[in-house]
Amino acid sequence: MTRQRLGAALLPGPVTVEAPATSANLGPGFDALGLALDLRDRLTLRTTASGLRVEVEGSGAASVPRDESHLVVRAARAAFDAMGVDQPGLDVRCRNVLPHGRGLGSSAAAIVAAVVAARAVVADETLRLDDDASLRLATELEGHPDNVAAGFLGGLTIAWDDGAGARATRLDVTGRVTALVPDHAVSTEHARAVLPTAVPHRDAARTAGRAALLVAALGGRPELLVPATRDWLHQPYREQAMPASLRLLHALREAGLPAVISGAGPSVLVFDTPTAHRDWPATLVPSGWMVHSVDISPYGARLVPSP
C-alpha cells in the first residue's frame, strides 16, 4: 500500500452488481473448469462516512450475519485494502437467488460482486484493481479459482496457478443446463475433507483425458458430453458426503444423460444434448429437489443500473 493512495476519493454510489451462479469441476475438470450460469445474485453497495448496514433478502436471509463477518463486507474490505484506500462506511444490500451450500457458487458470487463493486466506487481509475489482480484477490478469499474465474469472465473458464497467483482464460460456449438442487446443504469443507490425499495414476490420467475432451464437447461437440463428463478423481469419493446426489448422478448417467456433481455438491448438473428427453426430470429427480433449467451465461459479474 502506497502512502499517496490513502484518502483516495470514493464515489458515494450506489453501485449495483449482478453476479452469476457458477458450476465448477464439471466432472473431470477438478479445481480448473468453471461455467457461468444465467441465474444471478444482486448486490447494491453505497459508501458512507462511517458505520455498516447490511440488508439481505432471499436465500440465506435468515442465517447470514449482518456485521463485518458478512462475506460481501469482508471481500469489499479486502478489495479496498488491496487498492490502498481508506476503509469507508458501507451500506450493503443483497438480493440473493442462489441457494447456499449447494455447489452453485453462492460464495464466489458474493466475493466477485463485492470486488467489482468496491473497485467501481474508487474515483481514481488508476487505483482500481485490474481483472488479473481482482481474480487473484477473489481466489485468495474463496480458496480456489474455478468458481470465481467463471464469476468474473462468464462462459466456460479454465483456471490455473502459475506460482504468482491464479490466472484464467475463457471460451465462448452456448447451451442450457439443468441444475437439480436438493433441500439440504453440504459444506465445501466437508465435501473436500472426504477426498483422498492421493489417487491412482491411472485414474488421474483417465480424468485428465476426459477434461480435455470436455472442452471440445462444450465447444461444439455435444454428442461427446456423456463420455466427456466421466470422472474418477473426486466424485466417487464424495458418495459418503452426499449419497442421494450420487444415486441421482448414477441414475442419470445410466439413462444416457451427461450429469455431474456441481462444484462440491450436493446439486447435480445435467448438460442439455440434442437427444436429451425434455421430460426426464419429473421421473428421475427425488421429491423435494428443485429443478432449474438455465442458459450458460456468456458474461460474468457486471454493473447494472441501481434500483
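Note that the numbering runs from 1 along the sequence shown for the chain. Source: prediction; values computed, not measured.
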Indicate yes or no for a side-chain donor-acceptor contact from Arg170 to the backbone of Ala150 under 3.5 Å, with no hydrogens or angles considered. no
If we ignore hydrogens and angles and just use 3.5 Å, is the side chain of Thr207 paired with the main-chain N or O of Trp232 as donor and acceptor? yes
Quick check: does any side chain N or O of Arg253 sit under 3.5 Å from a backbone N or O of Ala259, one acting as donor and the other as acceptor? yes
If you take all heavy atoms of Thr178 and Ser293, which pair is closest and at what distance? OG1-OG, 4.0 Å
Considering the options Ser245, Ser267, Ser23, which one meets the side-chain hydrogen bond (donor to acceptor under 3.5 Å, both in side chains) requirement together with Ser262? Ser23
Checking the side chain of Asp67 only, and the main-chain atoms of Ser69 only, is there a donor and an acceptor separated by less than 3.5 Å? yes
Any sub-3.5 Å donor-acceptor pair from Gln235's side-chain atoms to Val260's backbone N or O? no
If two hydrophobic side chains count as joined below 4.5 Å and joins carry through other members, does Phe30 share a cluster with Ile261? no
Ala76 and Ala114 have their tightest heavy-atom pair at N-CB, 3.8 Å
Closest non-hydrogen contact found for Val15 with Ala120 is CG1-CB, 4.3 Å
Does Arg238 use its side chain to pair, donor to acceptor, with the backbone of Ala191 at less than 3.5 Å? yes
Where the side chain of Arg53 meets the backbone of Asp91, is there a donor-acceptor pair that is under 3.5 Å apart? no
Working note: His144 + Thr188, criterion side chain to side chain contact (heavy atoms under 4.5 Å, CB included); need CA distance, chi angles, decisive distance, verdict. CA-CA 11 Å; His144 36 88; Thr188 300; 4.2 Å; yes
When you group the ILVMFWY residues by side-chain heavy-atom contacts below 4.5 Å and let the links chain together, are Val17 and Val304 in the same group? no
Got a second to check how far Leu153's CG is from Asp131's CG, nearest 0.5 Å? 7.0 Å
Regarding Arg40 and Asp38, does a basic nitrogen lie under 4.0 Å from an acidic carboxylate oxygen? yes
Taking the side chain as everything from C-beta on, heavy atoms only, tell me whether Arg74 gets closer than 4.5 Å to Leu141. no
Residue pair Leu233 / Ala204: nearest heavy atoms and the distance that separates them: CD1-CA, 4.4 Å
Does any N or O in the side chain of Thr47 come within less than 3.5 Å of the main-chain N or O of Leu10, such that one atom is a donor and the other an acceptor? no
Separation of Arg221 CZ from Leu214 CG (nearest 0.5 Å): 13.5 Å
Output the distance between atom NE2 (His234) and atom CG (Asn25), rounded to the nearest 0.5 Å. 4.5 Å
Indicate yes or no: does Glu57 engage Arg95 in a salt bridge with an N to O separation below 4.0 Å. no
Please assess Leu37 against Leu269 for the test side chain to side chain contact (heavy atoms under 4.5 Å, CB included), listing each intermediate value before the final yes or no. CA-CA 11 Å; Leu37 307 178; Leu269 197 75; 4.3 Å; yes
Approximate separation, where rounding is to 0.5 Å, of Leu33 CG and Asp146 CG: 8.5 Å
Please check if the number of heavy atoms outside Arg66 that lie under 6.0 Å from its CZ is greater than 12. yes
Do Leu284 and Glu254 come close enough that some side-chain heavy atom pair is under 4.5 Å? no
Do Leu26 and Leu156 have side chains that get closer than 4.5 Å, going by heavy atoms? yes
Minimum side-chain heavy-atom gap Pro236-Asp231 below 4.5 Å: yes
If I compare all heavy atoms of Pro20 with all of Tyr299, which pair ends up nearest, and what's the gap? CG-O, 4.4 Å
Can Leu127 be reached from Leu135 by stepping across I, L, V, M, F, W or Y side chains whose heavy atoms are under 4.5 Å apart? yes
Shared hydrophobic cluster, Val64 / Val112 (ILVMFWY, side-chain heavy atoms < 4.5 Å): yes
Is the shortest side-chain heavy-atom distance between Val85 and Asp124 below 4.5 Å? no
Carefully, step by step, assess Leu248 and Met242 under the rule side chain to side chain contact (heavy atoms under 4.5 Å, CB included). CA-CA 10 Å; Leu248 177 58; Met242 52 196 79; over 6 Å; no
Of all heavy-atom pairs between Asp162 and Gly165, which one has the smallest distance, and what is that distance? OD1-O, 3.2 Å
Ignoring hydrogens and angles, tell me if any N or O in the side chain of Arg119 forms a donor-acceptor pair with the backbone of Ala79 under 3.5 Å. no
Any chain of hydrophobic side-chain contacts (each under 4.5 Å) joining Leu218 to Val215? yes
So CG of Leu252 and CG of Leu257: to nearest 0.5 Å the spacing works out to 6.0 Å
Heavy atoms, side chains only, cut-off 4.5 Å: are Gln87 and Ser50 in contact? no
Heavy atoms, side chains only, cut-off 4.5 Å: are Leu104 and Pro99 in contact? yes
Roughly how far apart are Leu129 CG and Phe80 CZ, rounded to 0.5 Å? 10.0 Å
Just wondering, do Met290 and Arg102 contact through their side chains at under 4.5 Å, heavy atoms? no
Within the supplied structure, the quantity of interest is the number of heavy atoms (other residues, nucleotides, ligands) at a distance under 6.0 Å from Arg167 CZ; does it exceed 12? no
If a pair satisfies salt bridge (Lys or Arg N to Asp or Glu O under 4.0 Å) and one of its residues is in residues 291-302, list it, with sequence neighbours excluded. Arg176-Asp295
